[in-house]
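Naming: A, B, ... by sequence-line order, numbering from 1 per chain.
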Amino acid sequence: MEEFLQQLTNGLAVGGIYALIALGYTMVYGVLRLINFAHGDLFTLGAYLGFTLLASFGLSGVIGGLAGAGLLVLMALIFVGLVGVMLERAAYRPLRNSDRLSAVVSALGASIFLQNAMMLLYGARPQVYPVRLLPTASFMLMGVEIPFTRVLLFSSSLALMFLLFWFINRTRVGAAIRAVAIDQGAAKLVGIDVNRIISLVFLIGPALGGAAGVMVGLYYGQITHDMGLNYGLKAFIAAILGGIGNIPGAMLGGLLLGVIEALGTAYFAVGWKDAFAFLVLILILIVRPTGLLGERVADKI
Amino acid sequence: MSSITSNRLFLPVSGAIFFLCMALLPPVLGSAGLEGGGRYHIGVLNDIGLYALLGLSLNIILGQAGLFNMGHGAFYAMGAYTTAILNTVYGVPILYTLPLAGAIAAFFAYLVTRPILKLRGDYLLVVTIGIVEIVRISLMNDVFGMTGGANGIAGIARPELFGFRLVSPEHFFYLIWGFVAFTVLLFRMLENSRFGRALYYIKHDELAASGSGINTTHYKLVAFVVGAFWAGMAGTLYATKMKFISPVAFSFSESVLLFAIVILGGAGSIPGVILGAFLLIGLPELFRELADARMLVFGLAMMVMMIVRPQGILPLRRRVYNAAKQVGKYACAIGTQKLAPPAPEPATDTTTPPAPQKGTGGAA
């Protein structure tokens, strides 16, 4: 039971990260029907940005641990968001009207480019976050020792998700994003600037991914230039699991996948850790390709 | 289109010239006074040949049928491991394992792709990534206690042909490129066969293809099986060339590389895929000093290519009917179609094809 709770909370914390990244996939897919393969690498970019800021500016000493971590996340969020917008301009906008394979290949190219750019800049070895900003304390819950950082990680990803959920569902701009996702032509007719909305989506999605990157760096303390591939694929699976294009679906899928992976690793085999996600993917696509919360849209798959 | 390249004999003749030139390369390289007798260069050419072979096998799936397969490394790995296990454990001679490796890879492809064929486009792509990753993880975890885990399998024998043992890079050069030539010949025939035409049709308009009686699921499955068979045989050649295999060689990035060879060279086009292999495997060897930056340039090239020339460098040129010339020959102009009542003959037309279609579907 203790082991179970330990793994469950761990899974939820990792699942929160998956969910944050998955939101970027699902939003981009929602408006463009494109798998943004470079999204995982934008996540890595966020992690490295946090590393640079932390190493070169020594922010933590000035404003204290928690506030420093928050500021770090915020800066990564903004910067990675801007990179996302530029990426869309350079790699995806020229291909808006060509066939899907071209866009997928361009996205892959962007992913390879970003990953290797980071390798050239930071080296192929893993980098270690220089300071531990987060408190190392832990507390007891039902006889299980749970690190405080785990709760922090989970709650901050939840907070970001609910912020996004509110933004999409309760604001005018959010309504415009939903309109573009449903029908671009009709959205144009009612006066929505589709290009600006797509840029906005490429600001929000990567921004959340970048924030997740910093959070992973702060939580695990170690980052590599190619971790975006693994996290990106998992998050994409999470997005499909929840129903791609569906924002609550991405949140649910991320958390679920995190828990499945943690429990599977604990009770089945450690070496197969990465296989669970792919198994989930294949199963869901065979059994229910629209995902758990996805609507039945014939055109989507 | 110039008159020379549009000539029907252009492709066969230039292909024959290409392979003749390739056949003359080892002695030329050997006498060119290069360091180590040109062995390094021949080694690179062997790699290119192997990737050309893999690219050609993926081309059937990705280029001709238009199925986004980014897990081709899985089939390659199945073939390589089949050969390695059969040879090191059971002592089967390498060349006997060649068809077996192909068959095992093809059977694997049949099993795993059958349930996912209905998925379209990028979904299929993600599932195939999943397949190649699961295969790699299984190999890492020493599945069935036969794959040697992360250490892989060492001590794979060299092939013997009529009592002659192939050992040097030159020998392998002729083995690999001979196989490439054979593959090109065969796949060229396949391209223009009923099967190839069906794939072409499915790629360009799946709905219309199924509407005109092509069993699309069946043909897609066959495309996967044929492509996997060839990838499996390429795996045999790889295993015997390296004498050692490990899961690292079949990582996801390897599958991405194959994907890029087909797409950048020219999806569906045999000369394009061979050119793609030369560019993507050969060029990085030429710029060894810039090894670190080559993947950066490669990623950039992928983006630029898709914007500037999405069909690839040497795209497929197919004999096409000039539809404009046919107008008026048959009474099938769009205007008349509406007026004419749905005659009973189309009805009988549509009822006859499903019968064989069901038969083939059941057999598959």
- Query: Heavy atoms, side chains only, cut-off 4.5 Å: are A:Tyr92 and A:Val28 in contact?
  - Reply: no
- With the side chain counted from C-beta on, respond yes when A:Arg96 and A:Leu32 share a heavy-atom pair under 4.5 Å apart, and no when they do not. yes
- Message: Just checking B:Tyr200 against B:His204, ring centres under 6.0 Å apart?
- Response: yes
- Centroid separation B:Tyr219 to B:Tyr201 less than 6.0 Å: no
[Y] backbone acceptor or donor facing [X] side chain under 3.5 Å:
X: A:Glu261; Y: A:Phe276; result: no
X: A:His39; Y: A:Ile21; result: yes
X: B:Lys203; Y: B:Gly63; result: yes
X: A:Thr26; Y: A:Ala22; result: no
X: A:Asn246; Y: A:Leu293; result: yes

Which atoms of [X] approach chain B - backbone, side chain, both or neither, heavy atom under 4.5 Å:
X: A:Phe37; value: side chain
X: A:Phe236; value: side chain
X: A:Ile240; value: side chain
X: A:Ala107; value: neither
X: A:Ile286; value: both

- What distance do A:Ile284 atom CD1 and A:Leu256 atom CG have between them, rounded to the nearest 0.5 Å? 9.0 Å
- Message: Once rounded to the nearest 0.5 Å, what's the spacing between atom OG1 of A:Thr290 and atom CG of A:Leu285?
- Response: 10.0 Å
- Message: Angle between ring planes, B:Phe250 versus B:Tyr76, binned at 30° and 60°: parallel, tilted or perpendicular?
- Response: perpendicular
- Query: Any side-chain hydrogen bond (donor to acceptor under 3.5 Å, both in side chains) pairs touching residues 114-127 of chain A, not counting sequence neighbours?
  - Reply: A:Thr52-A:Tyr122
- Among A:Ile282, A:Val105, A:Leu281, residue most engaged with chain B (heavy-atom pairs, under 4.5 Å): A:Val105
- Determine the minimum heavy-atom distance between B:Ala277 and B:Tyr51, stating which atoms define it. CB-C, 4.2 Å
- Message: Testing the basics here: between A:His225 and A:Gly123, what is the closest heavy-atom pair and its distance to 0.1 Å?
- Response: ND1-O, 4.2 Å
- Around atom CZ of A:Arg196, are there more than 12 heavy atoms of other residues, nucleotides or ligands at under 6.0 Å? no
Please output the residues of [range] in contact with chain A, using a heavy-atom cutoff of under 4.5 Å, in numerical order.
range: residues 298-312 of chain B; answer: B:Phe298, B:Gly299, B:Leu300, B:Met302, B:Met303, B:Met306, B:Ile307, B:Pro310
range: residues 252-261 of chain B; answer: B:Phe252, B:Val256, B:Phe259
range: residues 125-137 of chain B; answer: B:Leu125, B:Val126, B:Val127, B:Ile129, B:Gly130, B:Ile131, B:Glu133, B:Ile134, B:Ile137

- Using a cut-off of under 4.5 Å for heavy-atom pairs, which of B:Leu62, B:Ile263, B:Leu264 has the most such pairs with chain A? B:Ile263
